[in-house]
Amino acid sequence: MTILGELTKRSVHIEFRPFQLSFMSKHVPNRIQPARNASNGAEPAAGQAVPENLAQKSSFDSPVVRWIVSGVLVSYLLIVLLGPLSNPVGSEFLTRPMARFVAPVHRALFLGHGYRFFGPDPGPSHLVVYRITDHQGNQIERHFPDRTEIWPRLLYHRWFMLSETVYQEHASTPNEKSYLETAQEFDKQIQALRFNGRSALARRMTEESQRLERQYANSRKRIDGLVTGIAKQLLATHEGQQIELFVQERNIPFPVSVLTGEKLTDPKFLSPLIKIGEFRLTQDGNVESLETVPEKPGAKQ
């Protein structure tokens with residue numbers, strides 16, 4: 001019997017219902033094979049239906065199994081969608097809390113991707129430049145991501161996303177001096193509103209000031225943990241004693257510049273270095289910061 005003949009003996013019917021998925025295997029009517037009668041062993045006459053207890057059944061015929069499988073598929077789809085919905089820009093009251101809840105699954109299955117990062121306009125890229133001094137006083141300067149040292153491409157992509165996250169966090173979070181000035185201005189306006197009897201507006205402004213305070217505290221905590229973790233990892237990798245961390249922006253050249261022969265890696269497209277932290281290794285193997293207020297990206301050098 002040929003493979004084609006074997007394939008034409010049976011057909012698979014797939015039926016989709018809302019939140020249900022069932023697979024039912026059916027025989028082609030003109031290809032039904034005779035089955036012996038269970039009682040006397042005789043074969044049914046031509047055209048006689050096959051008894052239901054002899055028909056092949058799939059495990060998906062059970063409603064319970066269909067609901068379980070449907071629930072797993074919908075949950076997995078939701079987890080996949082939460083990655084791009086919460087990163088790099090997400091809702092503070094919806095997608096970000098949901099993403100934190102499923103963060104262990106994201107990390108285990110590498111699903112926390114921010115696909116919006118690549119389009120429609122990715123903009124300039126950013127590097128993290130670091131200078132490490134070892135116990136003998138020797139200094140090296142390197143950066144990441146670096147295509148000459150980081151491979152395969154997927155690993156390079158991970159370091160690339162890390163450098164972008166570091167820059168964006170610092171660019172979107174004011175330094176301590178700027179935040180304190182903003183907080184003081186809020187306090188002055190709230191006092192003025194209360195003095196003029198506009199208590200409702202003063203109350204709303206107080207809530208906004210408290211929200212900004214919580215947001216700034218969370219951002220600083222996130223930045224400090226991120227930069228400290230990077231410094232500790234790089235010091236351990238290069239067996240260093242002290243490290244300086246910088247961010248640097250690589251601008252995208254105009255298409256006409258590329259057509260005239262300019263390279264994307266031309267140093268003239270790199271911005272000046274922006275220092276974001278300095279750390280040293282302690283005796284217990286941890287790192288401590290040597291400065292408290294990092295520079296704001298875009299500040300004058």
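Computed from a prediction, not measured in an experiment: that's the story for all the values here.
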Please test T206 against R194 for side-chain contact (heavy atoms from CB on, under 4.5 Å), starting from the C-alpha separation and ending with a verdict.
CA-CA 11 Å; T206 301; R194 289 175 178 173; 3.6 Å; yes

Applying the side chain to side chain donor-acceptor pair (under 3.5 Å) criterion to R280, which one of Q242, Q241, E288 satisfies it?
E288

Any side-chain to backbone donor/acceptor pair from N138 onto D134? Under 3.5 Å, distance only.
no

Test of understanding: with side-chain contact (heavy atoms from CB on, under 4.5 Å), list the residues that count as partners of E262, not counting sequence neighbours.
S257, T260, K268, F269

Among all residues two or more places apart in sequence or in another chain, which pass the salt bridge (Lys or Arg N to Asp or Glu O under 4.0 Å) test with E207?
none

Rounded to the nearest 0.5 Å, what separates atom CD1 in I132 from atom CZ in R142?
8.0 Å

Out of curiosity, does L180 fall in the hydrophobic cluster containing M205 (side-chain heavy atoms, cut-off under 4.5 Å, transitive links)?
no

Is there a side-chain contact between L212 and Q215 (heavy atoms, below 4.5 Å)?
yes

Residue pair L226 / L162, side-chain heavy-atom distance below 4.5 Å
yes

Using 0.5 Å steps for rounding, measure from the CD atom of Q139 to the CD1 atom of I243.
10.5 Å

Can you give me the closest heavy-atom contact between H238 and Y130, atom names plus distance?
NE2-OH, 3.2 Å

Has R198 got more than 12 heavy atoms of other residues, nucleotides or ligands less than 6.0 Å from its CZ?
no

Any side-chain heavy-atom pair from H170 and I274 closer than 4.5 angstrom?
no

Answer with yes or no whether the hydrophobic clustering places I190 together with Y179; edges join I, L, V, M, F, W, Y residues whose side-chain heavy atoms lie under 4.5 Å apart.
no

Looking only at heavy atoms, the pair that brings F101 and P104 closest together is O-CD, 3.8 Å

If you measure from CG on L270 to OG1 on T265, what distance do you get to the nearest 0.5 Å?
9.0 Å

Do E208 and F186 have side chains that get closer than 4.5 Å, going by heavy atoms?
yes

Could you walk me through whether R204 and L201 pass the side-chain contact (heavy atoms from CB on, under 4.5 Å) test, one step at a time?
CA-CA 5 Å; R204 289 198 298 268; L201 185 56; 3.5 Å; yes

Specify the closest pair of heavy atoms between G240 and L281, including all atoms of both residues, with the distance to one decimal.
O-CD2, 3.8 Å

Flag yes if V166 and L155 sit in one hydrophobic cluster, no otherwise; membership is Ile, Leu, Val, Met, Phe, Trp, Tyr, and two members link when side-chain heavy atoms are under 4.5 Å apart.
yes

Answer whether the closest heavy-atom distance between the side chains of R153 and R147 falls below 4.5 Å.
yes

Heavy atoms, side chains only, cut-off 4.5 Å: are Q248 and H143 in contact?
no

Whether E164 side chain and S125 backbone form a donor-acceptor pair below 3.5 Å:
no

Quick check on the hydrophobic clustering: are I79 and I68 connected, directly or via other members, by side-chain heavy-atom contacts under 4.5 Å?
no

Might you point out which heavy atoms bring K232 and N286 nearest each other, and give the distance in Å?
NZ-OD1, 3.4 Å

Min side-chain heavy-atom separation I150-F160 under 4.5 Å:
no

Please report the interatomic distance CG(L234) to CD(E239), rounded to the nearest 0.5 Å.
13.5 Å

F144: ring pair (Phe, Tyr, Trp, His ring centres under 6.0 Å) partners, not counting sequence neighbours
W159

Correct closest heavy-atom pair for L264 and V258 would be CD2-CG2, 4.1 Å

If you measure from OG1 on T133 to CD on E244, what distance do you get to the nearest 0.5 Å?
7.0 Å

Worked check of side-chain contact (heavy atoms from CB on, under 4.5 Å) between E169 and T165:
CA-CA 6 Å; E169 289 286 355; T165 301; 4.1 Å; yes

Same apolar cluster: L94 and V105, side chain cutoff 4.5 Å:
yes

What's the separation between atom CD1 in I223 and atom OG1 in T173, rounded to the nearest 0.5 Å?
3.5 Å

S163 side chain to H126 main-chain N or O, any donor-acceptor pair under 3.5 Å?
yes

